[in-house]
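Have a look at the structure below, then the notes.
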Amino acid sequence: MPDLKTLAERAELEPRFTGGHSLCRGCGAPTVVRTVLNSIATPVVVVNATGCLEVATTRYPTTAWGVPWLHLAFENAAAAASGLETAYRALKKRGAIPDEPITFVVFGGDGGTYDIGLQALSGALERGHHFLYVCYDNEAYMNTGIQRSGATPFAASTTTSPSGRGDYGKHQERKDITAIAIAHHVPYVAQAAISHWQDLSDKAARAARQNGPAFLNVLSGCALGWGHAPADTIEIVRLAVETRYWPLYEVVDGHYWLNYQPQNPLPIEEWLSRQDRFKHLFQVENHPHLGELQALVNSEWEQLEARIQADTPWFEAHPELAGARV
Amino acid sequence: MLKSASLVLLTGAEAAAEAVRQINPDVFPVYPITPQTPIIQNFAQFVADGAASTEIINVESEHSAMSAAVAAALAGARTMTATSSQGLALMVEIVYLAASLRAPVVMAVGNRALSGPINIHADHSDAMLARDTGWVQLFAENAQEAYDLMLLAPRLGEYPEVRLPVMVGMDGFTITHSAEPVSLLDDAEVRGWVGEYQLPYSLLDTQNPITVGPFAMPDSYFELRYAIEQALERVPAALDDLTQQYARLSGRAYQLVEGYGLEDADRAIVAIGSTAGTTKDVVDALRQRGEKVGLLELRLFRPFPAKALREALAKVSKVAVLDRAMSLGASPPLFAEVSAALYGSPVQLQSYVYGLGGREIYTQDLEQVFAELQEPLGPSRFIGLKTQEVDHARSENPS
Ligand SMILES: Cc1ncc(C[n+]2csc(CCOP(=O)(O)OP(=O)(O)O)c2C)c(N)n1
């Protein structure tokens with residue numbers, strides 16, 4: 001597994017993603033991209049869905065990418081990756097390119113993954129293309145100005161699910177995209193967060209080694225959209241993990257394994273109170289929604305724990321397949 | 001010199017699949033839609049039988065078919081696909097990108113009406129939907145041409161001065177599902193004809209990374225769009241070269257703008273697709289009776305061959321333009337192009353819309369068009385439109 005030194009060396013030696021782009025201060029996306037790309041040992045080819053990352057890193061004629069990079073549209077990154085990966089196999093088959101490994105990595109925001117790109121993602125996972133799909137999940141359509149997505153948490157205020165005198169923000173629970181990916185019977189699916197870089201790095205390295213599709217859902221951050229100081233992004237994402245809102249786990253051939261057990265789980269308020277998008281929940285009339293959100297977190301955690309317990313014997317039989325505990 | 005040419009009975013779709021098998025592209029994304037489906041079915045069978053080594057991608061939609069196709073083409077793989085109607089409508093967002101990213105994808109289009117109402121039969125609304133995308137658009141007249149144009153298309157798309165995607169239109173059912181004797185080239189001749197797919201860059205070249213599909217602001221977007229226009233302007237010269245080469249190989253000399261009986265014609269029809277074939281029969285019959293009529297068939301619709309059309313129609317006094325599509329609320333697409341091309345010329349034009357959703361067009365209809373050209377011209381006419389029945393249906397279902 002790559003350690004911090006290896007990651008730093010790789011970043012220096014052959015910068016796969018460089019600075020000078022126009023992503024905001026406190027944006028989590030570059031942390032996702034750097035950690036993932038520097039953790040992969042083979043050459044990589046990147047596909048990017050439309051969104052903040054794409055817009056802010058490739059203003060013509062400049063680019064922040066030191067690796068081959070393709071962007072077509074918002075909803076089709078997984079389909080474009082299917083085309084690249086198939087071309088790679090076809091050209092290798094007839095000896096037109098060297099027989100060297102390439103890892104195909106997709107970066108899509110939550111809008112491009114949970115919502116508009118879900119069909120293309122599902123198709124590519126089902127077909128079994130050998131690629132790694134990374135969702136950098138900042139929990140809303142940020143590029144177009146913080147609109148609600150299927151990833152936006154219950155009761156968060158966004159510009160299209162605003163809190164107001166008569167409303168408390170988003171009414172629906174967020175979609176469990178990780179479970180949707182797992183339902184495609186792919187070899188490796190995991191949840192990670194930018195606050196736990198070693199875990200993210202291990203997962204990226206592991207995902208890239210699979211002989212089939214892999215999916216990583218990474219909790220990123222957005223200072224502007226979540227409403228906090230840019231310097232606090234990592235700390236706030238860490239609180240999402242410590243409150244059990246965002247469990248760090250992986251699913252290997254359908255078997256669940258927990259990578260991080262918060263020792264003293266914090267109440268959800270600890271995460272919410274740091275972000276303006278949840279500010280309204282601390283008004284008296286919205287207190288019931290705080291309780292609802294905590295109940296959702298608890299029940300999701302319990303379900304996950306039950307799965308993990310059920311799979312413990314499987315991992316005892318296959319200890320080499322269990323990921324690291326961080 | 002015409003070498004060993006064999007004649008076989010094939011539908012247009014089978015002939016197109018035969019062309020794809022012989023080209024043996026690297027990648028072929030497939031998604032079913034009538035009337036294009038027999039192309040992908042026949043081709044999938046060829047691959048299953050080991051007659052082609054192409055990687056087929058069974059995508060989950062046409063949007064993904066075009067996305068995968070553009071990506072594969074830019075990765076250095078010769079890439080072809082096929083669609084019709086709703087499929088083309090669904091993928092059109094990425095159809096634009098294929099041209100703008102200069103991905104020389106070839107796509108067979110079994111031309112079919114667009115919904116609504118849903119209809120599976122021939123017209124050109126699907127192709128016309130894509131007329132501003134930057135693709136080269138070719139139209140076949142019959143199964144033989146479906147085969148030949150499918151062989152021309154990759155050479156044209158990959159022509160170094162062009163590098164654009166190419167769409168080969170063939171009328172749904174009339175061409176895709178009707179069997180005709182088709183003359184095929186040898187596999188080896190086709191391999192030699194298409195040669196190696198070559199792009200000056202590849203997304204799989206990790207030693208020389210490129211950024212494809214960046215974000216362009218007002219300071220650069222305009223020039224990047226204009227570059228596509230310039231590439232399209234180089235298509236006629238490329239086609240001259242390729243059709244001459246192809247004539248030497250196959251014995252079939254194609255004119256992308258073909259005049260038929262135009263030398264001394266005073267009246268002419270301009271048409272695209274299978275109806276141009278029917279019109280040739282009508283021209284023959286009327287000429288036997290001493291009428292000076294002719295046809296201008298367009299096999300190339302994009303880039304629109306305005307200059308060639310002006311020259312071909314220079315001596316004709318009255319021209320009927322036959323559109324198998326409408327541009328609701330404006331002039332039909334082909335008529336609008338012909339009008340613009342002939343602006344300032346003394347040629348008089350009459351617009352006809354026909355055959356929407358597969359409505360049959362008969363030789364008598366075309367004879368009537370020629371007859372009407374002798375009378376004063378007027379607004380768009382609609383061949384075979386059952387206005388009374390429409391009125392009747394309206395009065396029965398007041399809404
Ligand atoms: C088909 C289509 N619909 C809408 C848009 C407008 N659009 C561009 S980026 C974006 C939001 C992207 O959100 P997300 O995927 O969450 O990524 P983020 O911007 O947060 O990084 C939207 C709605 C588009 N480009 N294409």
Side-chain angles (χ1 to χ4, degrees), chain A residues 14 16 22 42-48 50 54-94 96-98 100 102-104 117 119-127 129, chain B residues 24-29 31 53-79 81 91 93-94 96-98 100-101 103 105 196-198 201-217 219-221 223-224:
Chain A
E14 183 218 333
R16 294 182 162 188
S22 57
T42 68
V44 297
V45 173
V46 169
V47 180
N48 205 165
T50 308
E54 163 266 330
V55 167
T57 60
T58 63
R59 180 182 165 155
Y60 183 86
T62 66
T63 183
W65 299 86
V67 294
W69 180 95
L70 173 67
H71 159 253
L72 292 180
F74 189 17
E75 64 286 2
N76 65 349
S82 306
L84 289 181
E85 189 262 354
T86 307
Y88 168 74
R89 277 186 287 113
L91 295 178
K92 227 167 59 165
K93 188 169 69 181
R94 68 170 172 86
I97 54 168
E100 284 163 9
I102 293 180
T103 305
F104 295 92
Q119 173 183 314
L121 172 62
S122 173
L125 293 178
E126 184 266 338
R127 289 189 298 274
H129 294 282
Chain B
N24 198 25
D26 295 305
V27 176
F28 196 107
Y31 198 82
S53 59
T54 304
E55 291 289 335
I56 287 180
I57 317 180
N58 274 283
V59 285
E60 80 301 329
S61 75
E62 290 89 349
H63 194 282
S64 287
M66 189 44 60
S67 304
V70 174
L74 295 171
R78 181 173 277 138
T79 306
T81 188
M91 67 166 67
E93 181 197 30
I94 314 304
Y96 273 82
L97 278 153
S100 122
L101 298 179
V105 173
E196 273 276 316
Y197 178 82
Q198 263 159 358
Y201 41 77
S202 158
L203 277 164
L204 298 182
D205 183 357
T206 54
Q207 299 299 312
N208 300 292
I210 50 171
T211 291
V212 179
F215 177 63
M217 292 287 279
D219 60 354
S220 57
Y221 178 88
E223 287 71 26
L224 295 172

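Computed from a predicted model, the values in this text were never measured in an experiment. Residue numbers begin at 1 in each chain, while the letters A, B, ... track the order of the sequences.
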Self-check item: Atom OH of B:Tyr201: over 12 foreign heavy atoms under 6.0 Å
Solution: yes
Practice problem: Give, as side chain, backbone, both or neither, the part of B:Gln207 having an atom under 4.5 angstrom from any heavy atom of chain A. | Solution: neither
Quiz item: With chain B, which of A:Ala120, A:Pro43, A:Ser122, A:Ala124 has the greatest number of heavy-atom pairs at distances under 4.5 Å?
Solution: A:Ala120
Exercise. Using salt bridge (charged side-chain N to carboxylate O under 4.0 Å, His left out) as the criterion, list what pairs up with A:Glu126, not counting sequence neighbours.
Key: none
Quiz item: Checking heavy atoms, do the side chain of A:Val45, its backbone, both or neither come under 4.5 Å from chain B?
Solution: side chain
Practice problem: Check B:Ser64 against A:Ala79 and note the closest heavy-atom contact, atom names and distance. | Solution: OG-CB, 3.3 Å
Quiz item: For B:Glu93, which residues count as a salt bridge (charged side-chain N to carboxylate O under 4.0 Å, His left out) partner, sequence neighbours excluded?
Solution: none
Quiz item: Does a side-chain heavy-atom distance below 4.5 Å link A:Arg94 with B:Ser53?
Solution: no
Quiz item: Using a cut-off of under 4.5 Å for heavy-atom pairs, which of A:Val47, A:Thr63, A:Leu70, A:Ile97 has the most such pairs with chain B?
Solution: A:Leu70
Quiz item: Given a strict heavy-atom distance threshold of 4.5 Å, which part of A:Ile102 is in contact with chain B: side chain, backbone, both, or neither?
Solution: side chain
Self-check item: Side chain, backbone, both or neither of B:Asp205 within contact of chain A (heavy atoms, under 4.5 Å)
Solution: backbone
Quiz prompt | Which portion of A:Leu72 sits near chain B, non-hydrogen atoms under 4.5 angstrom | solution = both
Quiz prompt | Contact winner vs chain A - B:Ala77, B:Ser61, B:Ser67, heavy-atom pairs under 4.5 Å | solution = B:Ser67
Quiz item: Less than 4.5 Å apart, any side-chain heavy atom of B:Glu62 and any of B:Thr81?
Solution: no
Practice problem: Answer yes or no: is there a donor N or O on one side and an acceptor on the other, between the side chain of A:Thr58 and the main chain of B:Pro214, under 3.5 Å? | Solution: no
Self-check item: Atom pair OG1/CG of B:Thr211 and B:Leu203 - distance to nearest 0.5 Å
Solution: 9.0 Å
Practice problem: Using non-hydrogen atoms and a 4.5 Å limit, figure out which bit of B:Ile94 sits close to chain A: side chain, backbone, both or neither. | Solution: side chain
Practice problem: Determine the option with the most heavy-atom pairs under 4.5 angstrom with chain A, choosing from B:Ser220, B:Ala216, B:Ala98, B:Pro29. | Solution: B:Ser220
Practice problem: Could you have a look at B:Ala69, B:Ala72, B:Ser202 and say which one has the most heavy-atom pairs with chain A under 4.5 angstrom? | Solution: B:Ala72
Quiz item: Given the options B:Asn208, B:Leu97, B:Leu204, B:Leu74, which has more heavy-atom pairs under 4.5 Å with chain A than any of the others?
Solution: B:Leu204
Practice problem: Determine whether A:Glu54 and A:Trp69 make a side-chain contact, defined as any pair of heavy atoms from C-beta on separated by less than 4.5 Å. | Solution: yes
Quiz prompt | Atom group of B:Val70 that falls short of 4.5 Å from chain A, counting heavy atoms | solution = side chain
Self-check item: Which atoms of B:Ile210 approach chain A - backbone, side chain, both or neither, heavy atom under 4.5 Å
Solution: backbone
Practice problem: Heavy-atom distances under 4.5 Å only: say whether B:Ile56 touches chain A with side chain, backbone, both or neither. | Solution: neither
Quiz prompt | Toward chain B, the part of A:Val46 with a non-hydrogen atom under 4.5 Å | solution = neither
Self-check item: Option in B:Thr54, B:Val27, B:Leu101 with maximal non-hydrogen atom pairs under 4.5 Å from chain A
Solution: B:Val27
Practice problem: Would you mind reporting whether B:Asp219 and A:Arg59 have side-chain heavy atoms less than 4.5 Å apart? | Solution: yes
Quiz item: Shortest non-hydrogen contact from B:Ala73 to B:Thr79?
Solution: N-OG1, 3.4 Å
Quiz prompt | Region of A:Leu84 that comes under 4.5 Å of a non-hydrogen atom in chain B | solution = both
